[in-house]
Amino acid sequence: MALDGIVTRAIVHELQACRGARINKIYQPNDRDIVFHIRTQQGNAKLLLSANPTYPRVHLTQETFLNPAEAPMFCMILRKHCESGIIEDIQQVGMERIIHMTIRQRDELGDISSKKIIVELMGRHSNIILLDPANDTILDGINHVTPAISSYRVVMPGFSYTNPPEQHKRNPLETGQEAFRESCLVNEESAVSWLVGEFSGLSPLAAQEIAHRAGEGHPGGNEGEKDCGSLWRAFDEVMEQVRGHQYTPITGVNAKGKSVFSVIPLTLLADETRIYESVSQCMEDYYGDKAQRDTVKQKVSDLLRFLQNERTKNIKKLDNLNKDLEEAGDADRYRIFGELLFASLHQIQKGDREVQLINFYDEEQATVTIPLDPLLTPSDNAQRYFKKYNKYKNSLAVINEQLIKTREEIHYIENLLQQLSHASLNDIDEIRDELVQQGYLRDRSRKTKKKKKNDKPTLHVYTSSEGIELYVGKNNLQNEYVTNRLASSNDTWLHTKDIPGSHVVIRSSEYGDATLQEAAQLAAYYSQAKESSSVPVDYTLIRHVRKPNGAKPGFVIYDNQKTLFVTPNEQLIKAMPNSVKNNRN
């Protein structure tokens with residue numbers, strides 16, 4: 001279910017608990033999201049306003065956001081006009097996906113001023129706009145709309161606010177039986193198409209639910225008044241729940257296998273559904289990290305292409321080296337040919353193309369046929385084989401060295417690819433920095449400020465059920481810091497056995513089996529074996545873990561380890577308290 005007018009009504013009703021709340025802090029973790037840290041009568045909370053083109057939404061959130069070092073301009077303007085302010089009112093416009101938030105704040109002179117935040121949840125046209133309600137002037141918007149983009153309205157500082165184009169649909173909460181029946185009888189579209197086209201705030205999923213409850217597929221002309229009566233009863237039943245704010249937030253899977261969510265019970269879902277205590281919990285679980293994953297996917301596409309190409313090149317190189325190794329394996333044969341020829345020069349004439357000699361190195365003294373160059377003397381033929389022997393003998397050492405380096409390179413690249421699959425936006429920047437430092441990429445950043453050597457990378461910290469901190473490195477810079485700089489010698493280190501994955505550190509010398517199991521879960525989940533079962537996870541004390549000289553970032557060797565076998569449990573990981581620490585925060 002897309003976020004429709006019914007869901008918007010439900011979330012606005014839920015957010016009435018935020019009326020009177022004080023806005024302590026305002027952050028903008030990315031281009032499309034705003035997070036308010038608020039203080040309500042129930043305690044501290046975080047309110048997410050998102051103008052994401054694919055996942056626009058507004059709800060309370062428990063998610064941890066990593067904020068940029070410098071706040072974007074829109075965030076700075078929001079802080080100026082709304083920080084330390086009080087949320088006076090939160091309203092929905094009709095049954096539209098538009099929310100108005102009124103904020104009261106004292107300005108620089110100490111006078112009370114009022115501002116309005118308008119959140120338009122309209123797919124790719126979604127926006128968050130800060131307005132001065134005294135004259136309806138736009139102070140700023142998270143997405144600017146210029147006259148070149150839209151001839152209907154402009155969203156730019158200084159312009160008057162214009163409402164989005166009206167759809168001229170009926171408000172389903174204000175539609176009576178006669179109006180419903182009249183429209184139903186004259187319309188020949190299917191029930192679902194008619195409901196979506198006729199009433200504001202109804203998504204196709206809500207319309208499908210009403211049609212399903214009515215037992216109807218088509219409300220129009222061919223089926224008569226009786227079918228419209230069934231549709232009305234189903235429609236009125238649903239709208240009565242919405243009018244009375246009787247919501248049942250649920251998620252489930254529809255007939256096409258697609259995940260959906262709703263705030264009204266869905267009788268059309270055959271499979272098991274999950275019910276939530278609040279709309280915010282439902283939306284947070286449904287959206288999860290979809291929005292972040294999509295943003296990450298766009299940002300890492302160039303890195304993925306580069307690393308996949310590097311991996312392919314190295315795999316081809318490995319194949320060629322193995323062929324060279326096979327060929328160089330004949331080096332001893334050439335030495336034997338040379339020695340047999342020298343021992344039998346008197347049996348060979350210049351011009352011979354081959355010679356058959358007894359191989360006295362063979363236990364059975366078998367006869368061996370040795371090809372000769374007829375243009376060379378017997379002695380020169382022997383020398384030619386010795387030269388081949390020395391060439392391949394010397395190349396064997398080089399080939400073996402190259403094989404080791406190439407295998408290490410493939411392992412390193414596969415580690416980076418695995419890390420990108422779990423990376424947040426900040427983790428990606430650190431991976432990119434690492435590739436620049438290692439000479440794989442050029443430094444194209446325009447930043448004149450050099451990163452200090454003592455800068456800490458992002459730290460992902462989970463808390464076990466026993467209250468012990470578990471540190472997870474999601475890229476090599478984090479792995480190196482957590483393992484080599486942060487951890488103490490008696491802390492415990494975990495990593496998937498022979499599988500690319502994160503370094504996990506239990507920051508305590510004393511802990512129970514529950515903490516060890518949860519740390520092993522983290523190591524397995526943040527690895528290439530995330531979707532596997534019975535994943536082997538090695539664990540040992542930090543003092544038994546070391547980085548070889550000259551090794552690639554994140555590479556360590558260890559001993560005195562024991563092995564656990566765990567099956568990654570995503571729900572368990574998500575339920576663990578976690579935070580993100582950064583030297584910039």
Looking at [X] versus [Y], is the centre-to-centre ring distance below 6.0 Å?
X	Y	value
Tyr276	Phe261	no
Tyr462	His460	no
Phe235	Phe180	yes

Residue pair Thr175, Glu198: steps toward the side chain to side chain contact (heavy atoms under 4.5 Å, CB included) verdict: CA-CA 11 Å; Thr175 301; Glu198 185 72 12; over 6 Å; no
Within the distance-only criterion (no hydrogens, no angle test), does the side chain of [X] pair as donor or acceptor with the backbone N or O of [Y] below 3.5 angstrom?
X	Y	answer
Gln28	Pro72	no
Gln418	Ile499	no
Asn127	Asn143	yes
Arg181	Cys228	no
Tyr247	Ile11	no
Lys169	Val196	yes
Gln281	Leu60	no
Gln419	Ile431	no

How long is the span from the [atom1] atom in [X] to the [atom2] atom in [Y], to the nearest 0.5 Å?
X	Y	atom1	atom2	value
Ile129	His100	CD1	NE2	8.5 Å
Leu266	Ile250	CG	CD1	4.0 Å
Asn309	Arg305	CG	CZ	8.5 Å
Leu420	Asn415	CG	CG	11.0 Å
Ile117	Ile87	CD1	CD1	8.0 Å
Arg22	Lys25	CZ	NZ	13.0 Å

Check step by step if side chain to side chain contact (heavy atoms under 4.5 Å, CB included) holds for Met101 and Leu15. CA-CA 10 Å; Met101 292 177 59; Leu15 293 180; over 6 Å; no
For [X] against [Y], the heavy-atom pair lying closest together:
X	Y	result
Tyr161	Arg153	CE1-NH1, 3.6 Å
Leu231	Cys184	CD1-SG, 4.4 Å
Ala234	Ala214	CB-N, 3.8 Å
Asp132	Ser114	OD1-O, 4.2 Å
Ile128	Leu49	CD1-O, 3.5 Å
Leu202	Ala206	CD2-CB, 4.1 Å

Give a yes or no on whether [X] atom [atom1] has more than 12 heavy-atom contacts from other residues, nucleotides or ligands under 6.0 Å away.
X	atom1	answer
Met156	CE	yes
Met122	CE	yes
Gln41	CD	no

Are any of the side-chain heavy atoms of Gln91 and Ile98 separated by less than 4.5 Å? no
Taking the side chain as every heavy atom from C-beta outward, state whether Ser280 and Met283 have any atom pair closer than 4.5 Å.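 SC-SC contact between Ser280 and Met283 ruled out.
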Please step through side chain to side chain contact (heavy atoms under 4.5 Å, CB included) for the pair Glu166 and Glu96, ending with a clear verdict. CA-CA 9 Å; Glu166 289 187 30; Glu96 299 295 338; over 6 Å; no
Judged by modelled atom types alone, do [X] and [Y] share a side-chain donor-acceptor pair under 3.5 Å?
X	Y	answer
Gln478	Glu430	yes
Arg19	Gln16	yes
Glu518	Ser465	yes

Cationic N near anionic O, under 4.0 Å, Asp4 to Arg97: no
Can you tell whether the side chains of Arg57 and Glu63 come within less than 4.0 Å, N to carboxylate O? no
Glu209: partners by side-chain hydrogen bond (donor to acceptor under 3.5 Å, both in side chains), with sequence neighbours left out: Arg213, Thr267
For Glu88, which of Lys116, Arg104, Gln105 qualifies under side-chain hydrogen bond (donor to acceptor under 3.5 Å, both in side chains)?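 Testing Glu88 for a side-chain hydrogen bond (donor to acceptor under 3.5 Å, both in side chains) against Lys116, Arg104, Gln105 leaves exactly one candidate, Arg104.
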Test Arg432 against every option in Asp427, Asn475, Leu303 by the side-chain contact (heavy atoms from CB on, under 4.5 Å) rule and name the one that passes.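 Of all the options given, the one that passes is Leu303.
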Carefully, step by step, assess Val154 and Val145 under the rule side chain to side chain contact (heavy atoms under 4.5 Å, CB included). CA-CA 5 Å; Val154 174; Val145 180; 5.8 Å; no
